[in-house]
Amino acid sequence: MSREYPIIAVTGSSGAGTTTVKRTFERMFAREDVHAAFVDGDAFHRYNREELARIFRDEPERKGELSHFAVEANLLDRLEALFQEYGEFGSGTFRHYIHAEDKQMIEAGYRVGTFTEWQSLPCGTDLLFYEGLHGGLVTAEHDIARHVDLLVGVAPTMNLEWIQKIDRDIKLRGYSQEAVIDTILGRMDDYVRYIQPQFSRTHINFQRVPTVDTSNPFEVQDIPSDAESFVVIRFRDPSTVDFPYLLAMVQDAFMSRPHTLVVPGSRLSLAMELILAPLVRHLLAQRRFR
């Protein structure tokens, strides 16, 4: 952790909805005039899409050990080094991973599934913002979570998470439904080993819970709308939360446990702003003059 160069990490599985939380932070940063260095966790995959496909073709026995969740498939030493360097000096190196929805990068000549070159973070930023799979990871070799000042988890109920991933990967990334389901099932062990434990280390978890039937997530169906869901928000330290204020500001919100607030899905954006903005201001207020 760093008082001078704070790090915010949003962690969650593929398709969990971390990008939605990122957009909330982006709006908040713009309103508060916060200059953030943005880092995408996918940029720390060890292999690009073609390299991974070639490995699976030539060494099919390795398919079970190289899911994007797995330690072996990611440059976690570089990610941890980035967090440590930024926390100490406000600097570091990063790169981009090109997704199908990255139209500007594709127009610039990059191919989907590849990386840009490594480059330096912009100078003079107020904080580093990470969105990805491993922001709260702790293993025998790596302790990425210890560098993070505000760790936010995004973990919909399991079936909803799968529905969201299937929908996104088919519509935005061109995969078949069968290929997406095969990916989900093939990395289940890594999900349990590397992703789920992170949610016990987060400062805040956002868990979307549908109020419609999602019993079979592998059936073609629409993603439940915001109006068809609630969001369960768990705080690690409830003593720092002004629950009466949140209950007054977010219509139809209620508390299910002393550390848990439940809000209608349609009011999640407001709840996030009310919860996260004071935390960001607090992090920046602690920075030493430089």
Q) S225: what forms a side chain to side chain donor-acceptor pair (under 3.5 Å) with it, not counting sequence neighbours? A) E228

(Q) Quick one about H45 and N74 (side-chain donor to acceptor, distance below 3.5 Å, no hydrogens or angles considered), yes or no? (A) yes

**Q.** Passing option when R208 is tested against T20, D226, T157, V154 for side chain to side chain contact (heavy atoms under 4.5 Å, CB included)
**A.** D226

Q. For residues 237-256, which residue pairs qualify under ring-ring contact (aromatic ring centres under 6.0 Å, His included), counting only residues two or more places apart or in two chains?
A. F235-F243

Validation: residues 97-104 side-chain donor-acceptor distances under 3.5 Å, sequence neighbours left out:
unit_1 : atom_1 : unit_2 : atom_2 : d
H99    : ND1    : R173   : NH2    : 3.4
H99    : NE2    : D42    : OD2    : 2.8
E101   : OE2    : R173   : NH2    : 3.1
D102   : OD2    : H99    : N      : 2.7
K103   : NZ     : A100   : O      : 3.3

(Q) Is any side-chain heavy atom of P156 closer than 4.5 Å to one of Q207? (A) no

Q. Hey, does L270 have a side-chain heavy atom less than 4.5 Å from the side chain of L268?
A. no

Q | R54 with D58: basic N within carboxylate O range, under 4.0 Å | A | no

Q) With side chains defined as the heavy atoms from C-beta onward, is the minimum distance between V180 and Q177 less than 4.5 Å? A) no

Q: Answer with yes or no whether the side chains of H203 and R236 bring together a donor and an acceptor at under 3.5 Å.
A: yes

Q) I275 versus I204: any side-chain heavy-atom pair under 4.5 Å? A) yes

Q | Residues S239 and D237: side-chain donor-acceptor under 3.5 angstrom | A | yes

Q. Mind checking what makes side-chain contact (heavy atoms from CB on, under 4.5 Å) contact with R27, not counting sequence neighbours?
A. R23, T24, S269, E273

Q | Side-chain H-bond candidate by donor/acceptor type, R234 with T260, under 3.5 Å | A | no

Q) Do R201 and T11 have a side chain donor and acceptor closer than 3.5 Å? A) no

Q: Run the ring-centre check on F38 versus F129 and record whether the distance is less than 6.0 Å.
A: yes

Q) Any luck finding a side-chain donor-acceptor pair between Y5 and T125 under 3.5 Å? A) no

Under 3.5 Å, which donor-acceptor pairs do the side chains of residues 112-119 form with other protein atoms, sequence neighbours left out?
unit_1 : atom_1 : unit_2 : atom_2 : d
T114   : OG1    : R111   : O      : 2.6
T116   : OG1    : H96    : N      : 2.9

Q. Within a strict 4.5 Å, meaning less than it, do heavy atoms of the I166 and I170 side chains meet?
A. yes

Q.
So that I know where these two stand, are Y130 and F83 an aromatic pair - ring centroids less than 6.0 Å apart?
A. yes

Q) Which of these passes side chain to side chain contact (heavy atoms under 4.5 Å, CB included) with L82: L128, T93, I144? A) L128

Q) Minimum heavy-atom separation for P210 to L160, with atom names? A) CD-CD2, 3.9 Å

**Q.** Side chain to side chain, K171 and D167, heavy atoms closer than 4.5 Å
**A.** yes

Q: Search all heavy atoms of M158 against all heavy atoms of Q196 and return the closest pair with its distance.
A: CE-NE2, 3.9 Å

Show which side-chain atoms of residues 182-193 pair as donor or acceptor with protein atoms under 3.5 Å away, not counting sequence neighbours.
unit_1 : atom_1 : unit_2 : atom_2 : d
D182   : OD2    : K63    : NZ     : 3.4
T183   : OG1    : A179   : O      : 3.1
D190   : OD2    : S67    : OG     : 2.7

Q) Can you find a pair of side-chain heavy atoms, one from F44 and one from V39, that are under 4.5 Å apart? A) yes

Q: Determine, for R287 against D126, whether the closest basic-nitrogen to carboxylate-oxygen distance falls under 4.0 angstrom.
A: yes

